[in-house]
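Reviewing the structure listed below.
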Amino acid sequence: MALRFAVRDLTVVYPASEGGDLPALGPVTLDVEPGAFVCLVGPSGCGKSTLIRVLAGLQPPTAGSAWMQDKLITGPSRRVGLMFQSPSLMPWRTVEGNIGLPLELAGVSKPERAQAVWNWLPALGLADFSQAYPDELSGGMAQRAALGRVLVQEPDALLLDEPFAALDALTREQVSLDLMRVWERKRQTVIMVTHSIQEAVLLADRIVVLSRRPGQVIADFDVPLPRPRSLSDVYQDAFAAVARAVRAAIDRA
């Protein structure tokens with residue numbers, strides 16, 4: 001079951017190295033409906049990653065609150081999958097072993113792990129690389145394996161912090177399409193940080209723009225493109241209109 005998230009007057013302040021406080025985020029009030037694909041965009045350092053960490057239960061708020069369903073977020077949940085920029089694959093484990101690691105740690109039997117992994121390998125384009133090691137993979141394949149490690153847990157929500165930022169443009173497009181395709185299988189709630197406006201418009205139902213630090217919501221756009229989507233959608237007038245509006249909001253930030 002896809003999850004609902006809500007934040008209310010959320011603020012995060014970090015201690016500064018030279019003393020004093022460093023406001024990072026907020027106040028932010030935001031609702032994300034179950035099954036929505038939401039992208040967070042905004043200037044570097046505006047608190048997008050901080051918001052992801054709060055929703056993942058890894059960062060306590062300084063003030064305000066964050067909720068998953070009707071429960072206050074006080075720590076990580078097994079219902080939430082989290083992915084950062086670096087794939088962080090274990091070099092001594094194969095693709096199959098890396099993807100299945102969370103299930104192994106959870107005590108799932110070897111046959112069940114293998115079946116769960118193979119449920120995802122074809123969709124991720126990794127069926128022919130199940131026994132390859134990380135140093136034998138391209139950057140795109142490594143990110144697909146990292147995504148598979150999240151998806152194999154069958155989470156009800158995905159929190160993605162610039163997962164494709166280190167990829168070249170063409171590989172990034174392809175892996176983004178892979179993400180969209182596998183998301184359409186289950187329609188989990190997705191909240192994704194990206195610096196690419198095109199990526200946000202292509203993937204998201206909704207784009208939330210944050211201001212400069214401390215980040216606050218300054219714009220919130222619905223993406224009116226029908227699904228399923230493809231790269232050809234970037235040439236549509238509706239796509240360009242949303243991209244221009246998002247760019248204008250970021251420039252105002």
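Take Q174 and apply the side-chain hydrogen bond (donor to acceptor under 3.5 Å, both in side chains) test, not counting sequence neighbours, and it matches D178. Every residue was checked against the salt bridge (Lys or Arg N to Asp or Glu O under 4.0 Å) condition with R252, not counting sequence neighbours, and none meets it. Here T62 pairs with nothing under the side-chain hydrogen bond (donor to acceptor under 3.5 Å, both in side chains) rule; sequence neighbours left out. Residues passing the side-chain hydrogen bond (donor to acceptor under 3.5 Å, both in side chains) test with T171, sequence neighbours excluded: D168. With sequence neighbours left out, the side-chain hydrogen bond (donor to acceptor under 3.5 Å, both in side chains) criterion links Q153 to no other residue.
Cluster annotation: L89 and V95 are assigned to the same hydrophobic cluster (Ile/Leu/Val/Met/Phe/Trp/Tyr, side-chain heavy-atom contacts under 4.5 Å, transitive). Note: the hydrophobic cluster containing L225 also contains M192 (ILVMFWY, side chain heavy atoms under 4.5 Å, direct or indirect links).
Pairs passing the salt bridge (charged side-chain N to carboxylate O under 4.0 Å, His left out) check and including a residue from residues 215-224, sequence neighbours excluded, read R206-D220. For the salt bridge (charged side-chain N to carboxylate O under 4.0 Å, His left out) condition, the pairs that include at least one residue of residues 182-203, sequence neighbours left out, are E154-K186, D156-K186, R172-E199. Sorted by first and then second residue, the ring-ring contact (aromatic ring centres under 6.0 Å, His included) pairs with a member in residues 183-221 read F37-W183; sequence neighbours excluded. Sorted by first and then second residue, the pairs that involve residues 107-116 and meet side-chain hydrogen bond (donor to acceptor under 3.5 Å, both in side chains), not counting sequence neighbours, are S109-E112, Q115-N119. Sorted by first and then second residue, the pairs that involve residues 80-100 and meet salt bridge (charged side-chain N to carboxylate O under 4.0 Å, His left out), not counting sequence neighbours, are R93-E104. Annotation: ring-ring contact (aromatic ring centres under 6.0 Å, His included) contacts involving residues 222-253, sequence neighbours excluded, are absent. Pairs engaging residues 155-177 under the ring-ring contact (aromatic ring centres under 6.0 Å, His included) rule: none recorded [sequence neighbours left out].
Rounding to the nearest 0.5 Å gives a distance of 6.0 Å between CG of L55 and CZ of F5. The CG atom of N98 sits 12.0 Å away from atom OG of S130, with the distance rounded to the nearest 0.5 Å. The CG atom of L121 sits 6.0 Å away from the CG atom of L126 when rounded to the nearest 0.5 Å. Taken from CZ in R149 to OG in S88, the straight-line distance is 6.5 Å, to the nearest 0.5 Å. Atom-to-atom distance recorded for L10:CG and L51:CG is 6.5 Å, nearest 0.5 angstrom.
Under the 3.5 Å distance criterion, the side-chain polar atoms of T189 are matched with a main-chain donor or acceptor of G35. A donor-acceptor pair under 3.5 Å is formed between the side chain of R213 and the backbone N or O of P23. Here the side chain of R229 pairs a donor or acceptor atom with the backbone of V201 at under 3.5 angstrom. Between the Q69 side chain and the R4 main chain, a donor and an acceptor come within less than 3.5 Å of each other. Between the D233 side chain and the S230 main chain, a donor and an acceptor come within less than 3.5 Å of each other. Side-chain N or O atoms of R212 include none that pairs as donor or acceptor with a backbone N or O of P43 at under 3.5 Å.
Using a 4.5 Å heavy-atom threshold, the side chains of I207 and I197 count as separate.
No salt bridge links R53 with D161; every basic N to acidic carboxylate O contact stays at or beyond 4.0 Å.
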Check step by step if side chain to side chain contact (heavy atoms under 4.5 Å, CB included) holds for T29 and V217.
CA-CA 8 Å; T29 293; V217 176; over 6 Å; no
